[in-house]
Amino acid sequence: MNREHRQGQASRQNHELPENITSQIQATQQFPNIRFIPVRHHSPACAIHLKSLMAREKPDVVLIEAPADTRSLIPFLAAKDAHPPLAIYLYYVDRQASWVAGLAAPTEPVRYRCFVPFAEFSPEWVGIRNAKPRAEIGFIDLPYFYRLHAAQGREQDRQEWEASLLDESTLESQVFTQQVVERAGCRDFNEGWDRCFESAAQDIDAERYFADLLIWCALLRENQQIHGGIDAETRQREHYMAEKIRPYLATDKTCFVITGGFHTCAVAERLSQPAQCFEVFDPPGEQGMHLLPYSLQRLKSSNAYAAGIPDCGFYQQAWQQYNAGEPQPYIKAGESWSHAVFKELRTRGELVAFPDLIEANTMSRRLAALRSAAVGRSEIRDAMISAFCKTTSEIGERIITDVIDQSVANDVVGRLPRNTPLAPIVQDFRERCRAYALPLTGADAKEQHLDIYRKERHRAISRFLHQLAYLQVPYGELVAGPDLVHGTDLNRVQEKWRLRWTTEAEARLTEMIQYGPQVKEACLNWLRERAAVSRDCVETAGLLVRALSMGIHQLSDGLLAKLTVSLSTEVDFIALVDCLALLHRADTAYASLEGHK
């Protein structure tokens, strides 16, 4: 569709909008060769309409909201044998604790980490995969270190949850959003979004869809400016994105700019202002980035993922149905979902019959008609609960909702293309697995019996497996044998491990690269940092025992010295007993831990 047609359509939609909103919308139309595409991250409807636009207009350049310093990973994301979900993992190690108050002379570094995930139905993924041959693809967002610097450290990136650079959580809490949700008779932001921009959007032309979405995002932005203001990190990001786009204004190349809708108008307005240089300086700390396999389970919003969506397995199925040519992909995905729930409930012995499945599918359409909406995720969930739940108790409903949450393809895991560069810690893992003849393929689980008291090789394998377990790598499970930390199975002289290689194991190792390039070194550094903040004699003794079981003896003297001080001042008798029990177990099993008496 040409620019004049888009402007005419926009003017018809904007005539009742406030003047400032109208001017923001118009700012996105001022450059004839630049097409701004506002999206919600991981929205199948946005992906569907973006795919349609790209097929029709075939842009020469596709610019995407992702950290510009990760552009070297674009060829791997675009590779034919790359299978989502995938994620770019970024980390920064700040040894000066630059942004943490109260640490004038830090003894341990402050570590930041985050993810940029790509699902099969993410608009960003569609932008990469549907670009025409030889099209230029670029990432234009502020590099990770500069985002940390602008925000004076991102507290969420120091935590253990799934910190994301595609954070949309502020949209859900806005006054404007809450008012829209309430007036629409919805229960939360996701249900409101689904009703306005997801399940019913397949029947709307792409031009109208993105025009409506742009207006909604502009109103959200205006509301944020009134009630909370725009933070420094967001403003610097938009400044940076505008300057990355600016060189294309002087060309005749058609350019798609795919950004979160919250930023779209602001970036366009920045482009109408004179160019401003962006201050560049070398990060004082260590930083890195790697591409790793991700999963739909990790993408779910219920896992505290800031840009996640609920029931993302359902949206994955809807996207696949759309690509298979299904005219009603959301209804078809809902039928698959209810059938999977029905089968699982039958497997668990719940009293559901085939007529209940028919009723669930029929009721979702009735609910949609009652709500004057298209059949969407909420209607399908509500219909399943109503049709399958045979009791009025909360327990009965909880059983149904648990099955619903678990039954819809949430275990889908991505696969990296063949030539993806591996993190050094993953290379070390593979080398040691080969040296110890441990499994490196996704075959069935293998049992490993280790005579840790008499065979030095078995002792070395045990230490390696304990190191992986300490790093929370899902590779080996100790199913029998002496557990010195918890004091169980101490009469055994052998360890029994159940081993199974998965892509998640190497993904977890990649995340731990921030602690060191080798498995043992990562354990050492993580142990050292945990020991530095330990204030409890039991915890410190537990760390000492773990260190010995992993064959990491460098910390023994320091931990023993710390324990000496802790024990001399400990006033809790139970804590003293627990601590001494740990030390006694370690001393008794010293031959297996050290390899000599």
Of Phe115, Phe118, Tyr89, Trp125, which is the lone residue that meets ring pair (Phe, Tyr, Trp, His ring centres under 6.0 Å) with Tyr294?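 The single option meeting the ring pair (Phe, Tyr, Trp, His ring centres under 6.0 Å) with Tyr294 is Phe115.
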
Worked check of salt bridge (Lys or Arg N to Asp or Glu O under 4.0 Å) between Arg111 and Asp94: CA-CA 6 Å; Arg111 301 179 185 274; Asp94 180 12; over 6 Å; no

Answer with yes or no whether the side chains of His466 and Glu495 bring together a donor and an acceptor at under 3.5 Å.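 Side-chain D/A pair, Glu495 to His466: present.
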
Between the side chains of Gln276 and Glu243, does any donor sit under 3.5 Å from an acceptor? no

Do [X] and [Y] have side chains that get closer than 4.5 Å, going by heavy atoms?
X      : Y      : result
Glu511 : Leu292 : yes
Val413 : His83  : no
Phe145 : Asp282 : no
Glu65  : Phe139 : no
Tyr470 : Leu527 : yes
Val412 : Ser295 : no
Val39  : Glu124 : yes
His290 : Pro421 : no

Could you report the tightest heavy-atom contact between [X] and [Y], atom names first, then the distance?
X      : Y      : value
Phe31  : Ser272 : CZ-N, 4.2 Å
Ile461 : Gln448 : CD1-NE2, 4.4 Å
Ala82  : Pro417 : CB-CD, 3.8 Å
Phe121 : Ala47  : O-CB, 3.3 Å
Gly127 : Leu50  : N-CD2, 4.0 Å
Pro109 : Val93  : CB-CG1, 3.6 Å

Check: [X] side chain, [Y] main-chain N or O, donor-acceptor pair, under 3.5 Å:
X      : Y      : value
Ser556 : His553 : yes
Asn130 : Val126 : yes
Asp81  : Arg418 : yes
Thr569 : Val565 : yes
Ser534 : Arg530 : no
Arg508 : Leu471 : yes
Ser566 : Lys562 : yes
Ser122 : Ala119 : yes
Arg35  : Cys255 : no
Arg415 : Thr503 : no

Check for me whether the distance between the ring centres of Phe281 and Tyr146 falls short of 6.0 Å. yes

Counting the benzene-type ring for Trp, do Trp319 and His42 have ring centres under 6.0 Å apart? no

Is the shortest side-chain N to carboxylate O distance from Glu477 to Arg500 below 4.0 Å?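 Answer for the salt bridge query: no.
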
Rounded to the nearest 0.5 Å, how far does [atom2] of [Y] lie from [atom1] of [X]?
X      : Y      : atom1 : atom2 : result
Leu543 : Leu555 : CG    : CG    : 9.0 Å
Leu63  : Met241 : CG    : CE    : 11.0 Å
Ile34  : Thr28  : CD1   : OG1   : 11.5 Å
Cys537 : Leu567 : SG    : CG    : 5.5 Å
Thr510 : Glu504 : OG1   : CD    : 12.0 Å
Met54  : Lys132 : CE    : NZ    : 10.0 Å

Residues Glu136, Tyr248; criterion side-chain hydrogen bond (donor to acceptor under 3.5 Å, both in side chains); working and verdict: CA-CA 11 Å; Glu136 180 183 349; Tyr248 297 96; 2.4 Å; yes

Check whether Tyr112 forms a cation-pi arrangement with Arg147 (NZ or CZ under 6.0 Å from the six-membered ring centre, at most 45° off the ring normal). no

Evaluate the criterion side-chain hydrogen bond (donor to acceptor under 3.5 Å, both in side chains) for residue pair Gln467 and Arg432; output intermediate values, then yes/no. CA-CA 12 Å; Gln467 290 167 16; Arg432 294 178 70 180; 3.1 Å; yes

Checking side-chain contact (heavy atoms from CB on, under 4.5 Å) for the pair Arg430/Leu422: CA distance, chi angles, key distance, verdict? CA-CA 10 Å; Arg430 291 186 178 184; Leu422 294 176; 3.2 Å; yes

Does atom NZ of Lys253 have more than 12 heavy-atom neighbours, drawn from other residues, nucleotides or ligands, at distances under 6.0 Å?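 At most 12 heavy atoms, drawn from other residues, nucleotides or ligands, come within 6.0 Å of this atom.
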
Just do the side-chain contact (heavy atoms from CB on, under 4.5 Å) check on Trp497 and Leu450 with the steps written out, would you? CA-CA 8 Å; Trp497 291 80; Leu450 301 175; 3.7 Å; yes

Sequence neighbours left out, cut at 3.5 Å: what donor-acceptor pairs do the side chains of residues 517-525 make with other protein atoms?
residue : atom : partner : partner atom : Å
Lys520  : NZ   : Gly551  : O            : 3.4
Asn525  : OD1  : Arg528  : NH1          : 3.0
Asn525  : ND2  : Tyr515  : O            : 2.4
Asn525  : ND2  : Glu521  : O            : 3.4

Might you work through the side-chain contact (heavy atoms from CB on, under 4.5 Å) test for Leu440 and Arg434, ending with a clear yes or no? CA-CA 8 Å; Leu440 271 175; Arg434 283 190 284 266; 3.7 Å; yes

Would you sort out whether Ile64 and Ile74 count as a side-chain contact (heavy atoms from CB on, under 4.5 Å), showing the intermediate values? CA-CA 11 Å; Ile64 297 170; Ile74 293 175; over 6 Å; no

Which residues pass the ring pair (Phe, Tyr, Trp, His ring centres under 6.0 Å) test with Tyr475, sequence neighbours left out?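 If we apply the ring pair (Phe, Tyr, Trp, His ring centres under 6.0 Å) test to Tyr475, skipping adjacent residues, the hits are Phe429.
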
Mind listing the side-chain donor-acceptor pairs of residues 257-268 below 3.5 Å, one per line with the distance, residues two or more places apart or on another chain?
residue : atom : partner : partner atom : Å
Thr259  : OG1  : Thr264  : OG1          : 3.0
His263  : ND1  : Glu238  : OE2          : 2.8
Thr264  : OG1  : Gly260  : O            : 3.4

Only one of Leu416, Leu86, Thr420, Ile88 passes side chain to side chain contact (heavy atoms under 4.5 Å, CB included) with Phe76; say which it is.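 Single pass found, and it is Thr420.
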
